[in-house]
Amino acid sequence: MEGDDMAIKAGDFIKVSYTAKLEDGTVIDTTDEEVAKEYGIYNENAKYGDITIVVGEGHVVKGLDEELVGKDVGFKGEIVVPPEKAFGEYDPENKEVVSVKRFKERPQPGQRVRIGDKVGTVERVIGRRAIIDYNHPLAGKTLIFDVEVKELIEDDAEKIKALFFINTGVDVEVELDGKKAVVEVPKGVAFSQYFAIGKFAAINAIFKLLDIEEIDIVERFKKEEEKAVIEAIEMAKGGEAEDTDTDREEGKEGEETEETSKAGDKGEEGKEEASEEEKHAES
């Protein structure tokens, strides 16, 4: 494909890599694991590597989303996103003074906390008062993206996989039968509240963006595999039973430990409930 055939348009599924930084050169986000380690922003729980996005669907900040339209597949370069198309302008009035009694522990400047239904950053602590800034940590910041558009995804099964990962963080397998998609999910994922919520967003996106009329979500179990799992569980239970018998023979030592633990739990009663929550800045 050449010329306009390679130009990206809204609704395209594209695979990209990027590194985002501030105007002073501070790296704030990246899809590259080695870059993350180099700049001290590595997260062991994050999945690094190229990501798939749907252009125009808000999977990246608005300014980057808009600037990708019209670029060619294979584009590699810099895209500058102003604050109003990133995380908004900084509002100096978007702050609140709260009592430190609302926290389990004395809050510290820079700490991300939740107050009611709002998340903010502790700006300062003065005596028994804390100033909470509800602006996004990147509000007022211009973002600079070093972006490479790796691939245009055209296979519907791959698109469905991408939409499930975007919305649930789970890798799935997909088989297509005409306008029906059979989505196989990992065993046990149905117990994840995050997946349970995210799957509906994925399903809605699939119906909106693809010519799919039916979606079956399945957990696949194979007899021999499950038999091996059950045997392993039974063996583990047997080991626990032996340990329990040994503890009984040792007398009251285990009981004393339990009572000490209960006493410690009681000592925690009466503390005021906190409403803080750690949260990473998004970019």
Side-chain angles (χ1 to χ4, degrees), residues 1-22 27-33 35-36 46-89 136 138-139 141-174 176 179 181 183 194-195 197-213 215 280-283:
M1 295 189 295
E2 296 181 358
D4 291 341
D5 290 337
M6 294 288 286
I8 296 167
K9 60 185 182 298
D12 279 348
F13 286 65
I14 60 174
K15 188 170 289 188
V16 302
S17 63
Y18 69 83
T19 293
K21 57 188 177 182
L22 303 180
V27 174
I28 57 171
D29 191 20
T30 184
T31 59
D32 189 315
E33 183 174 348
V35 172
K47 183 174 181 179
Y48 291 93
D50 300 339
I51 63 170
T52 299
I53 65 170
V54 185
V55 179
E57 291 298 309
H59 297 152
V60 292
V61 294
K62 182 179 179 181
L64 178 58
D65 221 357
E66 292 178 349
E67 288 295 322
L68 285 170
V69 175
K71 297 287 191 298
D72 288 339
V73 176
F75 168 81
K76 187 176 183 179
E78 184 178 278
I79 294 177
V80 179
V81 179
E84 63 272 19
K85 291 190 176 183
F87 293 96
E89 298 287 359
H136 189 282
L138 295 174
K141 304 289 187 182
T142 294
L143 307 184
I144 302 170
F145 289 86
D146 291 322
V147 183
E148 182 175 1
V149 180
K150 301 286 190 69
E151 180 185 349
L152 175 66
I153 296 176
E154 299 182 282
D155 180 73
D156 280 352
E158 291 301 316
K159 291 179 179 180
I160 292 171
K161 288 181 183 181
L163 289 172
F164 262 90
F165 187 79
I166 289 168
N167 289 284
T168 69
V170 172
D171 288 315
V172 301
E173 297 297 326
V174 177
L176 295 178
K179 294 187 178 183
V183 180
Y194 183 77
F195 178 83
I197 296 171
K199 76 176 180 181
F200 291 108
I203 290 168
N204 288 335
I206 291 167
F207 286 146
K208 172 185 175 183
L209 298 168
L210 304 176
D211 189 18
I212 297 293
E213 298 293 338
I215 300 171
H280 289 292
E282 298 176 1
S283 60

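Quick note: numbers below take in every heavy atom, side chains included, and nothing from hydrogens, waters or symmetry partners. Predicted model, so just to flag it, every value in this text is computed and none were measured.
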key: side-chain hydrogen bond (donor to acceptor under 3.5 Å, both in side chains) against Thr31, all qualifying residues, sequence neighbours excluded   =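 Scan of Thr31 (side-chain hydrogen bond (donor to acceptor under 3.5 Å, both in side chains), adjacent residues dropped) gives none.
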ask   = Sequence neighbours excluded, which residues qualify as side-chain hydrogen bond (donor to acceptor under 3.5 Å, both in side chains) partners of Asp171?
value =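 Here the qualifying residues are Lys47.
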task = Could you please spell out the steps behind the side chain to side chain contact (heavy atoms under 4.5 Å, CB included) verdict for Ile79 and Leu68?
result = CA-CA 9 Å; Ile79 294 177; Leu68 285 170; 4.3 Å; yes
Set of residues satisfying ring pair (Phe, Tyr, Trp, His ring centres under 6.0 Å) with respect to Phe200, sequence neighbours excluded =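 With neighbours one apart ignored, the set is empty.
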If every non-hydrogen atom of [X] is compared with every non-hydrogen atom of [Y], which pair is closest and at what distance?
{"X": "Leu210", "Y": "Lys159", "result": "CD2-CD, 3.5 Å"}
{"X": "Glu158", "Y": "Ile153", "result": "CB-CG2, 3.8 Å"}
{"X": "Ala7", "Y": "Gly70", "result": "CB-O, 4.1 Å"}
{"X": "Ile160", "Y": "Ala181", "result": "CD1-CB, 3.7 Å"}
{"X": "Gly11", "Y": "Val54", "result": "O-CG1, 3.8 Å"}

Look up atom [atom1] in [X] and atom [atom2] in [Y], then write down how far apart they are to the nearest 0.5 Å.
{"X": "Ile53", "Y": "Phe13", "atom1": "CD1", "atom2": "CZ", "value": "10.5 Å"}
{"X": "Leu22", "Y": "Ile144", "atom1": "CG", "atom2": "CD1", "value": "8.0 Å"}
{"X": "Glu148", "Y": "Tyr18", "atom1": "CD", "atom2": "OH", "value": "14.5 Å"}
{"X": "Asp72", "Y": "Ile8", "atom1": "CG", "atom2": "CD1", "value": "7.5 Å"}
{"X": "Leu209", "Y": "Leu163", "atom1": "CG", "atom2": "CG", "value": "6.0 Å"}
{"X": "Thr30", "Y": "Asp146", "atom1": "OG1", "atom2": "CG", "value": "9.0 Å"}

List in chain and number order the residues that pass side-chain contact (heavy atoms from CB on, under 4.5 Å) with [X], two or more places apart in sequence or in another chain; answer none if no residue qualifies.
{"X": "Ala86", "value": "Val81, Leu143"}
{"X": "Phe207", "value": "Ile203, Ile212, Ile215"}
{"X": "Ala201", "value": "Asn167"}
{"X": "Val69", "value": "Val55"}

query = Going by the angle between their ring planes, with limits at 30° and 60°, are Phe87 and His136 parallel, tilted or perpendicular?
reply =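 Geometry flag for His136 against Phe87: parallel rings.
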Partners of [X] by salt bridge (Lys or Arg N to Asp or Glu O under 4.0 Å), sequence neighbours excluded?
{"X": "Lys150", "answer": "Asp50"}
{"X": "Asp12", "answer": "Lys9"}
{"X": "Glu66", "answer": "Lys85"}
{"X": "Glu173", "answer": "Lys161"}

inquiry  = Does anything in residues 56-65 form a side chain to side chain donor-acceptor pair (under 3.5 Å)? List the pairs, not counting sequence neighbours.
reply    =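 As it turns out, the side chain to side chain donor-acceptor pair (under 3.5 Å) pairs with a partner in residues 56-65, which skip direct neighbours, are Glu57-Lys208.
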task = Answer whether the closest heavy-atom distance between the side chains of Val61 and Phe145 falls below 4.5 Å.
result =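 Touching, per the 4.5 Å side-chain cut-off.
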inquiry  = With a 4.5 Å cut-off on side-chain heavy atoms, are Ser17 and Ile51 touching?
reply    =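 Ile51 vs Ser17: side chains apart.
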request  = Apply the test side chain to side chain contact (heavy atoms under 4.5 Å, CB included) to residues Val183 and Phe164: give CA-CA distance (whole Å), side-chain angles for both, the deciding distance (0.1 Å), then the verdict.
outcome  = CA-CA 9 Å; Val183 180; Phe164 262 90; 3.9 Å; yes
